[in-house]
Amino acid sequence: MYRVTLPALGFFEAWRDAARRLLTHAVPPDQVEWGRGEDASLFPADPLPDADGPHAVTTTKEFLSLARTALCHTGTEAPTLLYQALHRHQTNRRALSNPADPIARKLSVLQKSVRRDIHKMHAFVRFRELPTEGNRRSFGAWFEPDHHILETGTPFFAKRFADMDWMIATPQGVARFEDGTHTFHPPAARPDLPEDASEALWGTYFANIFNPARLHLQAMRSEMPLKYWKNLPETDLIPGMLADAEARVEKMRAAMPTEVPAHAERILSRLPQPKVADLPQCMEDARTAAMHCKRCGLCEAATQTVWGRGYAQADLMIVGEQPGDGEDLAGKPFVGPAGKLLTELMDEAKVGDSWMTNAVKHFKFRPTGKRRMHQNPDRHEIDHCRWWLDLERRFVQPTLTVALGGSAAYALTGNDAPLKARRGQIETAHDDGAVLVTWHPSYILRLDGSAAATARAELLDDLAAAAEVIRSDQGSSHPVTAALGA
Amino acid sequence: MRKTLSDKLAILADAAKYDASCASSGTTRRDSRNGGIGSAGGSGICHAYTPDGRCISLLKILMTNFCIYDCAYCINRVSSGVERARFTPEEVVTLTLEFYRRNYIEGLFLSSGIIKSPDDTMADITRIARMLREDHGFKGYIHLKTIPEASQELIDEAGRYADRLSVNIELPKDDSTRTLAPQKRPETIRAAMASVRLKQQASKERSHTGKRAPKFAPAGQSTQMIVGADGSNDKAILTTSSRLYTGYKLRRVYYSAFSPIPDSSAMLPLIKPPLVREHRLYQADWLLRFYGFDVDEITDVAPSGNLDLDIDPKLAWALAHRGQFPVDVNGAGRNVLLRVPGFGTKTVNRILTARRSGALRYADLLRIGARMGMAKSFVTTPDWSPGGLTDSANLRARFAPAPEQLSLF
């Protein structure tokens, strides 16, 4: 029978060294008795072997970290359980990682309890300022943890409060941090900490951040158990706050709304009122008005109205379907993947200035998982949004409009027939303008291989044709249809 | 009479308490060993709890409660007769640092009424954050309220100093916002969230030289919705939440049961705050984010579009979809296990790990920490079958609180 007594400080290292030594001799767990501090045993025990035995000992990083925490537990079972687990680990590598294993489960319960205690130490230590002669400020606290967490719990404070000296005294020992050096000392009498003026301010804050209309005492007590209250200055205020709560809420309820202060009207009238014209007379007015559009339900879900961009006096207008995720966030049309492809093709086709916009100005989507999935706008939404498209067309007065995809073609011409037969053709818009119907670039992004290459070439052709129309139109007064040979 | 620091603190803490947000977690790991004061990163710490059951993690105050807006639900609206005060930037900095050094708080959550203009207010808020970070080397947590109408440059600067930015959407429907907060524009609020999201995305990308962009609000953005101030049902609230989560990658949407405020507006109900409803909404929110549920699945259980107040939304869903149960604990995939009432994400992870070491039995599930009182009606193991329990007519009654006899008087 071996007996190991763990010291009050440095117990993890002591346990680790003893466990390793015993395991090199393959000592079974029932041959070892673990104790703490001055525990005395009734039975005499053998001293630990002087040197390592023949057996190799393996462990894992996770196990050591588990041991470091679990050993802080005040109960007596942690060292024994850990030795059992480590002993078994030498022959059965998988048991420890099985959450349903009884030993692993017991250890994780111990670990959880210690972790909670450490967490509560980090939360509930309350420093008071101590007088000092040096240029570093000095603080002290008294704390009563459940477990032996002084060594594991206090490095947190060394990292957080590195620019001041502090001392945390507990019944198990004292941690000091002076000039950047962290030391541990045996228990001393509870220090007499001087009054601290900030404590009163903290009390003021505590009492006023509390909402008397939503009492929930059980939540408070489970997170801030009563055993900690004696060292928390603010808890002295709780009885008063509770006694008062009901009456305060009743008063709020009974009080009639008071007279509106005279200055309120004055201040509100001075706030800039957005001007929204009923019938905008220029592109900028139209843009401003569209920002507050509520013609259909899409505005409720989308971020913002995505207005057209480009050159408002251009001869060419390009109309897409609706803004996508990226456009919706940025508030600019054609900045997403399809927009990038379009820009690339427009450069390739040497398309000059244009006004680029969408048939629908709000993004329509359905939230799925972590994304917003694009949904096609329905006819109703396109019809409502035509108000804005028509305004844009009135201000731009394009010679030719390129309709990208079915929604744009429908918005411009009222024809929702399939696109395949119509692509590359010139159609007539509601306002008698010329509309060249082609693919939407996102269609190309959805296709693969040769189909994608064909569609891309077709869109490129159509853009080049449109550019040609604009150029010949600018050079002469040929009608658009003649230039295309249609 | 001049107000003392304590007077101001009382007024401006009282004015800030209707904001539910308190998180101090999820930011970059940093500490003061290389200078400055404070640390952050990892899980947040709640330093105290008030009798309303809410934690105190941050010093949550307004810079000022003077405000030129008139939002009916807000205690600080211009037409309210509440007592007003204003901190100087130095006062906020001192309070934050002195509280921090005494380990009362994790950092600062600064918000403000709108004074003069949105830009002026945002500039003042940002100045306080800059003083803390640059003049005092403060490494603790800073959460700044963003004023949606403020200019992009000011928001960009705020994001460089703050761990978290938030804009409160306040009401789930645009129409309610237009009625109750006539000076706010829902589209401006959303655009502000979108710009924060884009800025964050940009800060994560490396330049062509491989250099990282400066950090921008590393703990993300959050928002708050008031529950019970307008007539929206839970479906409307959760739909708005899911749009916010997917669109702007919010870390959290906070639900705040509307509670009576002093000197309240005649437009709003002075009811008891719907705390249970708030709790159910949080549960549903978790189901959306961590359990793979859709809004419609959760809210279509009841025709009213509201959540069941007596039982939690996952149990309510399971009771309405009993055909999918019982589930074999040793065969089902993660997505299916996550839908079992009584199994949380941790339990499911443990089940999946434990399955590698052999089939799980009833006692194993208990040991793992599953809430078998609830789960046993919905699962099978080699030594357990719920039999007729899953389909029994009184299954709901086993979980719901006992019906109460209405009082005759």
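Here is how names work: the chains are called A, B, and so on, in the same order as the sequence lines, proteins then strands, and each is numbered from 1.
For chain B, the nearby part of A:F139 is the side chain; its heavy atoms alone come within less than 4.5 Å. In this structure, no portion of B:E149 lies under 4.5 Å from any heavy atom of chain A. For a residue to count as touching a neighbouring chain, one of its non-hydrogen atoms must lie under 4.5 Å from one of that chain's; by this rule B:R355 does not touch chain A. With a 4.5 Å cut-off on non-hydrogen atoms, B:I351 does not touch chain A at all. For A:P212, the part sitting under 4.5 Å from any heavy atom of chain B is the side chain, from C-beta outward, and nothing else. When heavy atoms are compared at a cutoff of 4.5 Å, B:P186 does not approach chain A at all. Looking at A:F365, the atoms closer than 4.5 Å to chain B (heavy atoms on both sides) all sit in the side chain, from C-beta outward. For B:P172, the part lying under 4.5 angstrom from a heavy atom of chain A is the backbone only. Heavy atoms of A:K106 lying under 4.5 Å from chain B are absent altogether. Contacts of A:L217 with chain B are made by both backbone and side-chain atoms, with heavy-atom separations under 4.5 Å. Using a 4.5 Å cut-off between heavy atoms, B:A257 touches chain A through backbone and side chain atoms alike. With a 4.5 angstrom heavy-atom cutoff, B:I56 touches chain A only via side-chain atoms. With a 4.5 Å cut-off on non-hydrogen atoms, A:R105 touches chain B through its side chain but not through its backbone. Contacts of B:R30 with chain A are absent, with no heavy-atom separation under 4.5 Å from either backbone or side chain.
Side-chain polar atoms of A:N211 and B:S259 form a donor-acceptor pair below 3.5 angstrom. No side-chain donor-acceptor contact under 3.5 Å links A:S222 and B:Y49.
Side chain of B:T246 to backbone of A:K370: no donor-acceptor contact under 3.5 angstrom is found. At least one donor-acceptor pair closer than 3.5 Å links the side chain of B:R367 to the backbone N or O of A:A100. In this structure, the side chain of A:D163 does not engage the main chain of B:G35 through any donor-acceptor pair within 3.5 Å.
Per-residue heavy-atom pair counts under 4.5 Å with chain B were compared for A:M164, A:R366, A:E265, and the maximum is reached by A:M164. Listed options A:A219, A:P367, A:A162, A:G369 were ranked by heavy-atom pairs under 4.5 angstrom with chain B; first place goes to A:P367. For the set A:A302, A:A245, A:A158, A:S108, the entry with the most heavy-atom pairs within less than 4.5 Å of chain B is A:A302.
Note on A:E300 versus B:R190: no salt bridge recorded, every NZ/NE/NH1/NH2 to OD/OE distance being 4.0 Å or above. The pair B:E98-A:R137 meets the salt-bridge criterion, with a side-chain N (NZ, NE, NH1 or NH2) lying under 4.0 Å from an Asp/Glu carboxylate O.
Of the inter-residue distances, the one linking B:D70 atom CG with A:L268 atom CG reads 5.0 Å to the nearest 0.5 angstrom.
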